[in-house]
Structures are given as structure tokens and as C-alpha cells.
Number of protein chains: 2
Amino acid sequence: MGKVFLFLDTITNKVDTKGRVSLPADYREIVKELSTDIVCYRSLTAPCIEGCTENLLAKLASEMENSLDFFSQAQDNLTNLIFGDARKFGFDSTGRIVLTEKLLKHAQITDSAVFVGKGRKFQIWNPENWAKEEARIRNDALKNRPSLTFAKENN
Amino acid sequence: MGKVFLFLDTITNKVDTKGRVSLPADYREIVKELSTDIVCYRSLTAPCIEGCTENLLAKLASEMENSLDFFSQAQDNLTNLIFGDARKFGFDSTGRIVLTEKLLKHAQITDSAVFVGKGRKFQIWNPENWAKEEARIRNDALKNRPSLTFAKENN
DNA sequence: TGGTATAACATGGGAAAATATGGTAATCAA
DNA sequence: TTGATTACCATATTTTCCCATGTTATACCA
């Protein structure tokens, strides 16, 4: 198997008045190795920002082209939702990206942001919101261990 | 994987009295990198302008040649409509295209236009119309999360 | 093991470049 | 010539880039 790239760990960084925040060094390493870019968009299901590589999004675009026809309504809605919200975020020589007002507002982020690894994707949270979310997830996991295990191995 | 080209994000630009509007810089970058042109036509299904690269239309034309039975007669008619309606739009040194009266009228655009990325394609909307459309799509997505989730995780 | 040197990283601020947009001049067709 | 279209210039704003500094993590040596 080739080299493995996963967004891991949970890292808190400061957000300055320009919306700038350091992308964790490990994440930058993935971007460089894969010669891709980071893409971020508003999570559909949670008050957080979601990110992945542009490669992953391109893969999604290709699959949608192959599985749905050129004029389908379903494809129309999906592409608007996903690609219309997503945006590339290149980082400068010091490793920072500039988050947009739209994203910051959706995640209720002001002066501090938490990066949470999710494997192929990652999320960016307001610290307080993440603390609550993590507690909730851990609690659920204890109650539903079988289904959680199944879901985690299934990819 | 080679370099990736996707129309992303949602960007609002002004339209002046001549119909001039700046093509978002990221979109121009795609055109330059692929040495192609932007093609626009009236959307068949929504009150908006639809755009893509000339390359993509060429691909569509090729697919029709190579797999005649792949496309139904109905879709064949639709592609005729698109090719008949589509026109190339080159941008000037400052990055602006000039939208035609026909397109502007179809999309009810007057002094402001919203570019919405759709991956291989993009759309141009009247701002108010787009706000409504986006709300509708997001609402639908939340109701139909299973199919959306499947598409997003399926790679 | 403890301490120090070194490197990597995060962060604040300002300079430089890119972008959007209004206006004017040149070009072309009728 | 006249109206329309296209190309070009000017400027304000936004975004990006780069330098400087403080902080944290890592490596090295006594």
C-alpha cells in the first residue's frame, strides 16, 4: 500500500482580526505531499466548517458525472449545494489560511478555532461548541458501541 | 492525480449598464490553465445563466457520437437546445465578460449577478432569486439527508 | 537526567500585488 | 456618420505575500 494521508488530532489555534488562522503543520504536510489544495465549506449538519482536499472534491465531481446524467435535477441540487459553498484556501509561507466571514459566522468562530481530524476530512469548530459536541459524541459512543464499531471499520 | 479544475464558491459581482461583469478570478484561472473558453447559455431548468468550458461541451458532443444509444431522444433534443443557445464569452484584460440581453433577461439580472460554482459548470443568478433557490435546496437536503450522505461518503 | 541549543511553529503587523469596477478611447459594421 | 462593440486606462478596495517576533517542541550534549 502507498503512503497514507489522514487528517488527525485536535488542535486549537488563534484567529486574528483578518480571519487568519494557522493550518496545523500536519495538515499542511498532506497538502504538500498530494500537490493539492484545501477546500472548506459549511457543514450541512453541524455548526462547524468542514474541510478536505480539492482532490477529494474532484473525485466526487467525477463520480457524479458518471452516475447521474448531464441534465438531472438531483445533480443540479447537489452540485449547487456542495461546489457552490466550497472554496479553495491556499496558505501563505507562514502556513495560514484566511477564513471567510460566511464560514466564521456559520461556525460561530471569533478569536479561536479548533481543528478536528476526521481522516479524509477535518472540521473547524468554535472551542466551546466543540467541547460540548465531543462530550455528546463520547457519551453516545459508550451507549452504542456495536454500531459505532461497525461504522468505523466500514471504509 | 493531475491538476484539478473545479468551479467553486458563490461570488457576487456588479453588472454595469453595458452588461459587463467581472468573471471571478478563480474561474479565469481555469480558463487560462486549460487554454479554453467560457461558454454560456440559458439554463433549461431554472431562471439563470449556465456556463462551462468549451472543453466540456466538446466532451458532451463526443459522448453523443460514441454512444448513441446512451442518450435518449429527449436528451438529444436537449443537447441541441444547448448547442444552439450557447455562445463563447472571452474576457478582456481586466477580466470582464459582456453578457447579452437575451441571457440577462432570462435570468432577470439587472445590476448585480451571483456566480455559483457547480464543479464542471457554474451558474449566474439574480441575487434575490439565488437566495430563494439556495434556501430551497438546503431545505430539501436536510429532509433527504440519506441520499446526500451517500453521495458525499461514496469515495 | 537535566539543561541548553536548535529548529519548527504560531502570530502580529505592514508592504506589495491582485481584483473589481467606473470611465474613456479605439474599432467595426451598418 | 452613427450606434454598437471591444480594448484600454485609472483607481479604490480587497487579498495576498513577506518580514519580525514570541512561543513551543525537538535534538543534542554534559
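Residue numbering restarts at 1 for every chain, and letters A, B, ... go by the order of the sequence lines.
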> With under 30° as parallel and over 60° as perpendicular, where do the rings of B:Phe122 and B:Tyr27 fit, or are they tilted in between?
Replying inline: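 Tilted.
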
Rounded to the nearest 0.5 Å, what's the gap from [atom1] on [X] to [atom2] on [Y]? Could you check?
X: A:Ser112; Y: A:Trp130; atom1: OG; atom2: CH2; value: 14.5 Å
X: B:Phe7; Y: B:Ile30; atom1: CZ; atom2: CD1; value: 4.5 Å
X: A:Asp85; Y: A:Leu103; atom1: CG; atom2: CG; value: 7.0 Å
X: A:Ser62; Y: B:Leu6; atom1: OG; atom2: CG; value: 8.5 Å

>> Quick test of your reading of the model: are B:Glu134 and B:Arg138 salt-bridged, counting only N-O distances below 4.0 Å?
In response: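 Yes, this pair counts.
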
> Where do A:Asn126 and A:Ile109 come nearest, in terms of heavy atoms and distance?
Replying inline: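 Looking at all heavy atoms of both residues, the closest pair is N-CG1, 3.7 Å.
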
All N/O pairs under 3.5 Å across the protein-nucleotides 8-17 of chain D interface:
unit_1: D:dC17; atom_1: N4; unit_2: A:Arg20; atom_2: NH1; d: 3.4

> Roughly how bent is the helix from C:dT1-D:dA30 to C:dA30-D:dT1 end to end, in steps of 10 degrees, with each end axis from five pairs?
Replying inline: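 About 40° separates the two local helix axes.
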
>> Considering every strand and a 4.0 Å limit on heavy-atom distances, what is the contact class for B:Leu23: base, sugar-phosphate, or nothing?
In response: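 Here B:Leu23 touches the backbone only, sparing every base.
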
> Which of these, B:Lys118, B:Gln123, B:Lys121, B:Arg120, sits in a side-chain hydrogen bond (donor to acceptor under 3.5 Å, both in side chains) with A:Thr79?
Replying inline: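 Single pass found, and it is B:Lys118.
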
>> If hydrophobic clusters are built by linking Ile, Leu, Val, Met, Phe, Trp and Tyr wherever their side-chain heavy atoms come under 4.5 Å apart, do B:Val31 and B:Leu99 end up in the same one?
In response: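 Yes: a chain of side-chain contacts under 4.5 Å links B:Val31 to B:Leu99.
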
>> Can you work out whether A:Val21 or B:Val21 has the more 5'-proximal nearest nucleotide on DNA chain C?
In response: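 The residue whose closest nucleotide sits nearer the 5' end is A:Val21.
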
> Rounded to the nearest Å, what distance is computed from the CG atom of residue B:Leu99 to the C1' atom of nucleotide D:dT6?
Replying inline: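 In whole Å, D:dT6 C1' and B:Leu99 CG are 15 Å from each other.
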
>> In whole Å, I'd like the distance from the CG atom of A:Asp26 to the P atom of D:dA25.
In response: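 For the pair A:Asp26 CG and D:dA25 P, the rounded distance is 13 Å.
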
> Counting heavy atoms not belonging to B:Lys102, are there more than 12 under 6.0 Å from its NZ?
Replying inline: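 More than 12 heavy atoms, drawn from other residues, nucleotides or ligands, come within 6.0 Å of this atom.
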
> Which nucleotide span of DNA chain C, 5' end to 3' end, has atoms closer than 4.0 Å to non-hydrogen atoms of chain B?
Replying inline: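 Contact span on the strand: C:dT19 to C:dT24.
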
